[in-house]
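Atoms considered below: every heavy atom in the structure, side chains included; atoms not considered: hydrogens, waters and symmetry mates.
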Amino acid sequence: MKPVILPFRDRVQVTSPYGERYLNGGYDWHNGIDLVGIDDTTVYSASNGVVIASTIVTDSMNRTWEWGNFVCVESYINGKVYHIYYCHLAKRLVSVGETIEQGDALGIMGNTGYSFGAHTHFEMREYNRQTGENVVDPSIFLQINNKVGVYMNDNIPHSWAKEAVQYCIDHGILQGDGAQVPNYRLFDNLTREEMCIML
């Protein structure tokens with residue numbers, strides 16, 4: 001599985017790419033990429049990590065108020081630390097300190113903060129203790145074109161798939177790497193024996 005996936009299930013529309021854009025009569029720099037879930041409005045975690053922020057800032061003197069309800073997950077990707085922001089949520093489903101797996105639900109797409117329609121502002125920042133946060137182009141990590149368009153995400157499993165995998169783990173069909181506690185996860189490879197048993 002890719003280390004970073006689109007945060008919506010099935011079809012995802014990019015409505016505003018990363019970089020310079022024209023908005024409200026002028027040009028500005030867009031630090032993230034705006035995404036709309038076409039088939040599902042649940043926002044899922046794009047990577048494994050830990051929730052380091054789950055809040056709404058209402059003080060208009062703090063520019064973060066523009067994000068409305070937002071969640072930030074700290075993730076380790078390719079040996080580096082990244083802070084991934086999910087903004088404008090209608091509802092947050094996680095709390096600070098929670099350990100998150102890729103594909104876990106974080107919130108519901110919304111229109112809170114400085115927003116002109118329901119979407120999720122998805123922003124990635126590389127984090128370094130000495131230099132702080134540095135914004136990066138998220139389209140590179142998502143492996144999509146940095147332009148308006150509709151993309152397909154087939155990497156987030158539906159709940160029935162998770163339940164089926166858990167059933168197989170509980171009944172000893174899927175064993176992961178053979179450890180005492182099975183560590184099998186969705187999208188891992190199966191042995192021929194495991195496939196035969198399931199069939």
Exercise. Determine the interplanar angle of the H30 and H121 rings, folded into 0 to 90°, and report it as parallel if under 30°, tilted if 30 to 60°, perpendicular if over 60°.
Key: tilted
Exercise. Report whether V4 and V135 are members of the same hydrophobic cluster (ILVMFWY, side-chain heavy atoms less than 4.5 Å apart, transitive linking).
Key: no
Quiz prompt | Test salt bridge (charged side-chain N to carboxylate O under 4.0 Å, His left out) applied to R125 - qualifying residues, sequence neighbours left out | solution = E123, E133
Quiz prompt | From S115 atom OG to M109 atom CE, the distance as rounded to the nearest 0.5 Å | solution = 9.5 Å
Quiz item: Under a 4.5 Å cut-off applied to non-hydrogen side-chain atoms, are L106 and R92 in contact?
Solution: no
Exercise. List, by chain and then residue number, the residues other than V148 in its hydrophobic cluster (Ile/Leu/Val/Met/Phe/Trp/Tyr, side-chain heavy atoms under 4.5 Å); write none if there are no others.
Key: none
Quiz prompt | Pairwise distance CG(N111) to NE2(H88) - rounded to 0.5 angstrom | solution = 8.0 Å
Exercise. Evaluate the side-chain proximity of H119 to L35: yes if any heavy-atom separation is below 4.5 Å, no if none is.
Key: no
Practice problem: Could you please spell out the steps behind the side chain to side chain contact (heavy atoms under 4.5 Å, CB included) verdict for V14 and I144? | Solution: CA-CA 10 Å; V14 174; I144 61 172; 3.9 Å; yes
Practice problem: To the nearest 0.5 Å, tell me how far S47 OG sits from I5 CD1. | Solution: 8.5 Å
Quiz item: Should M152 and V12 count as side-chain neighbours, where that means a heavy-atom distance under 4.5 Å?
Solution: no
Quiz item: For the side chain of S75 and the backbone of N48, is there at least one donor-acceptor N/O pair under 3.5 Å apart?
Solution: yes
Self-check item: Set of residues satisfying salt bridge (charged side-chain N to carboxylate O under 4.0 Å, His left out) with respect to R21, sequence neighbours excluded
Solution: D28, D34
Self-check item: Pairing residues for Y85 by the ring-ring contact (aromatic ring centres under 6.0 Å, His included) criterion, not counting sequence neighbours
Solution: W67
Exercise. Considering non-hydrogen atoms only, spot the tightest contact between S139 and I33 and give its length.
Key: CB-CD1, 4.4 Å
Exercise. Could you pull out all residues at least two apart from N145 that satisfy side chain to side chain donor-acceptor pair (under 3.5 Å)?
Key: none
Exercise. Check whether more than 12 heavy atoms from other residues, nucleotides or ligands sit under 6.0 Å from atom CG of N78, and answer yes or no.
Key: no
Quiz prompt | Any L142 side-chain heavy atom under 4.5 Å of L6 side chain | solution = yes
Quiz item: If Ile, Leu, Val, Met, Phe, Trp and Tyr residues are connected whenever their side-chain heavy atoms lie under 4.5 Å apart, and connections chain through other members, are I156 and V36 in the same group?
Solution: no
Quiz item: What is the minimum heavy-atom distance between P17 and N146, and which atoms define it?
Solution: CB-OD1, 3.2 Å
Self-check item: Heavy-atom side-chain proximity of I100 to V51 below 4.5 angstrom
Solution: yes
Exercise. Indicate yes or no: at least one non-hydrogen side-chain atom of I108 is less than 4.5 angstrom from one of L89.
Key: no
Practice problem: Could you work out the complete set of other residues in the hydrophobic cluster of V150, with links drawn between I, L, V, M, F, W and Y side chains under 4.5 Å apart? | Solution: I38
Exercise. Heavy atoms only: give me the nearest D137-F141 pair and the separation to one decimal.
Key: O-CD1, 3.6 Å
Quiz item: If you draw a 6.0 Å radius around OH in Y167, do more than 12 non-hydrogen atoms from other residues or ligands fall strictly inside?
Solution: no
Quiz item: How would you list, by chain and number, every residue that makes a side chain to side chain contact (heavy atoms under 4.5 Å, CB included) with S60, sequence neighbours excluded?
Solution: W65
Exercise. Supply the members, apart from Y76, of the Ile/Leu/Val/Met/Phe/Trp/Tyr cluster built from side-chain contacts under 4.5 Å; use none for a lone residue.
Key: V81, Y127
Exercise. Taking Q13 for its side chain and G149 for its backbone only, find out whether a donor-acceptor pair lies under 3.5 Å.
Key: no
Practice problem: Using the test side chain to side chain contact (heavy atoms under 4.5 Å, CB included), find all partners of E66 that sit at least two apart in sequence or belong to another chain. | Solution: R63, Y114
Practice problem: State which residues pass ring-ring contact (aromatic ring centres under 6.0 Å, His included) with F122; sequence neighbours excluded, sorted by chain then number. | Solution: Y86
Quiz item: In chain order, what residues pass the salt bridge (charged side-chain N to carboxylate O under 4.0 Å, His left out) check against K147, with sequence neighbours excluded?
Solution: none
Quiz item: Got a second to check how far E74's CD is from I77's CD1, nearest 0.5 Å?
Solution: 10.5 Å
Quiz item: V50 versus V73: any side-chain heavy-atom pair under 4.5 Å?
Solution: no
Quiz prompt | By salt bridge (charged side-chain N to carboxylate O under 4.0 Å, His left out) - contacts of E126 (at least two apart) | solution = K80
Quiz item: Can you name the nearest heavy-atom pair linking Y18 to P138, along with the distance?
Solution: CD1-CD, 3.8 Å
Exercise. Rounded to the nearest 0.5 Å, what's the gap from CG on N69 to OG1 on T112? Could you check?
Key: 4.5 Å
Practice problem: Rounded to the nearest 0.5 Å, what's the gap from CG on D104 to CD on E98? Could you check? | Solution: 9.0 Å
Quiz prompt | Single-linkage hydrophobic cluster M124~Y151, side-chain heavy atoms < 4.5 angstrom | solution = yes
Quiz prompt | Qualifying residue for side-chain contact (heavy atoms from CB on, under 4.5 Å) with F8, from D39, D40, V43, T42 | solution = V43
Self-check item: Which atom of S54 lies closest to which atom of S95, heavy atoms considered
Solution: CB-CA, 4.3 Å
Practice problem: Treat each ILVMFWY residue as a node, draw an edge where side-chain heavy atoms are under 4.5 Å apart, and state whether L93 and I52 are in one component. | Solution: no
